[in-house]
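What follows is a set of notes on a single structure, which appears directly below.
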Amino acid sequence: MPELPDVEFVRRRLTAALRGGTITSARSKDLRLLRPQSPAAFTRGLVGRTVREVRRRGKWLCLELDDGTRLFSHLGMTGWWHERGCDAPEERSERARIDVRRGKGRCRSLRYVDSRRFGRLMVARDDIPEWRELGQDPFAKGIHVGTLAAALASRRRAVKEVLMDQMVLAGIGNILATEGLWRARVDPRSRSDALSRADVTKIARGLEKAIRRQLATRKKPEGEWQDVFAVYGRSGEPCPRCGSTIARVVIGGRATAFCKGCQVRSWPRARQRESTPGQ
DNA sequence: CGGCATGTTGCGCA
DNA sequence: TTGCGCAACATGCC
């Protein structure tokens, strides 16, 4: 699940559960998720501290504690934080747990669940490079089109690959990039340096819309999340906008769905050809 | 059984 | 040195 809207959703829930609370217990035995740290360092870094704030940049979460310690959490492909009571049983694929007490409230317990274990959990005294090096976050103030246009123009790659570069836009994953480009009517194979300023603006607005839409879905009861994608995962089906059959290609090693009928491909002038290149 | 998956990293090769 | 393609990571689902 986790792309920007999912991580933002988790951030809000973690904030509600953790902010101002004191960590009474913190455990993880998962050496892969903790790498290169030890389970002891995880416990030692967190227990006894108070949670000041839960931040997010792109797909990264950061719990900021009262003494300046931070817990960085990346959800990878299948990670999620669940809020439970402290007496709740261990969940399937539970990899870490943090218990928190707040005033007279019930003991709350956050369970990190991650079947594939592609996520990360890192205790640090400072911001980590993975956090520092992230590009602009598209959520808070929207996408700065000039910055995005410059990043796209400086590369000669498929536009979709650049959008998914976390140093360009933090938090855009395969679904958002696919859906955002469909909304912008831009072919994901378009060369990033061949796009017009108008295209870049449409892409920015398309991504923002896709983010808002996905986040809105998260506000429903958890069992009722029904993500409705226009093209993602729908190759072979008709495009909801123009009716053409949705195509599937691989870009940067990732499955990519798009509509040849209404998504326009841009290509540098000198290399423009009659037949579509690369087929 | 094979294929595929919302993410990231690291390796070999050009 | 840089960039690119692709396998790997680990598990579950169809």
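Below, chains carry the letters A, B, ... as their sequence lines are ordered, and counting in each starts from 1. Just so we're clear, the structure is a prediction, and the values are computed from it rather than from any experiment.
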Looking at Asp67(A) and Arg125(A), does any basic side-chain N land under 4.0 Å from a carboxylate oxygen?
yes

When we call it a touch if two heavy atoms are under 4.0 Å apart, what does Arg120(A) touch: a base, just sugar-phosphate, or nothing?
nothing

Measure CZ/Arg254(A) against C1'/dA7(C) and give the value in whole Å, please.
14 Å

Take the protein atom NZ of Lys160(A) and the nucleotide atom C1' of dG7(B), then report the distance between them rounded to whole Å.
12 Å

How is Gly253(A) classified with respect to the nucleic acid when contacts are heavy atoms under 4.0 Å: base, sugar-phosphate, or nothing?
nothing

So Arg248(A), base contact, sugar-phosphate only, or nothing? Heavy-atom distance under 4.0 Å.
sugar-phosphate

To the nearest Å, give me how far apart CD (Glu3(A)) and P (dA5(B)) are.
13 Å

Identify which nucleotide among dG12(C), dT9(B), dA10(C) has an atom closest to any side-chain atom of Ser93(A), counting heavy atoms from C-beta outward.
dG12(C)

Quick check on salt bridge (Lys or Arg N to Asp or Glu O under 4.0 Å): which of Glu90(A), Glu83(A), Glu91(A), Glu94(A) does Arg111(A) satisfy it with?
Glu94(A)

Looking at Asp193(A) and Arg191(A), is there a salt bridge between them, counting it only when a charged N and a carboxylate O are closer than 4.0 Å?
yes

Quick one: does Arg32(A) reach the base of dA10(C) with a side-chain donor-acceptor pair under 3.5 Å?
no

Separation of Met77(A) atom CE from dA10(C) atom P, in whole Å?
14 Å

With Glu64(A) as partner, the option from Arg55(A), Arg49(A), Arg70(A) fulfilling salt bridge (Lys or Arg N to Asp or Glu O under 4.0 Å) is Arg55(A)

Which nucleotide in dT8(B), dT6(B), dG12(C) has an atom nearest any side-chain atom of Arg92(A):
dG12(C)

Option passing side chain to side chain contact (heavy atoms under 4.5 Å, CB included) with Thr256(A) (candidates Val249(A), Val250(A), Val231(A)):
Val249(A)

Per atom distances to the Asn174(A) side chain, the nearest of dT6(B), dC13(C), dA5(B) is dT6(B)

With sequence neighbours left out, what residues match Arg185(A) under side chain to side chain donor-acceptor pair (under 3.5 Å)?
none

Are the two sulfur (SG) atoms of Cys239(A) and Cys262(A) closer than 2.5 Å?
no

Taking 4.0 Å as the cut-off, does a side-chain nitrogen or oxygen of His74(A) come that near to OP1 or OP2 on dT8(B)?
yes

Distance between the P atoms of dC11(B) and dA10(C), in whole angstroms?
15 Å

Separation of Asp165(A) atom CG from dG7(B) atom P, in whole Å?
13 Å

Indicate whether OP1 or OP2 belonging to dT6(B) is found under 4.0 Å from a side-chain N or O atom of Lys59(A).
no

Rounded to whole Å, how long is the line connecting atom CZ of Arg116(A) with atom P of dT9(B)?
15 Å

Quick one: Phe229(A) CZ to dT6(B) P, roughly how many Å, whole number?
10 Å

I'd like to know if the side chain of Trp81(A) pairs up with that of Ser73(A) as donor and acceptor (distance under 3.5 Å, no hydrogens or angles considered).
yes

Return the value, rounded to whole Å, for the distance between atom CG of Leu31(A) and atom P of dC9(C).
17 Å

Candidates dT6(B), dA5(B), dT11(C) - which lies nearest the side chain of Arg95(A)
dT11(C)

Measure from the ring centre of Phe118(A) to the centre of the six-membered ring in the base of dT8(B), then say whether that distance is under 5.5 Å and the planes meet at under 30°.
no

Using Watson-Crick pairs (N1 to N3, plus N6-O4 or O6-N4) and G-U wobble pairs, both distances under 3.5 Å, which stems of at least 3 pairs involve DNA chain C?
B:2-5 with C:11-14, B:7-14 with C:2-9

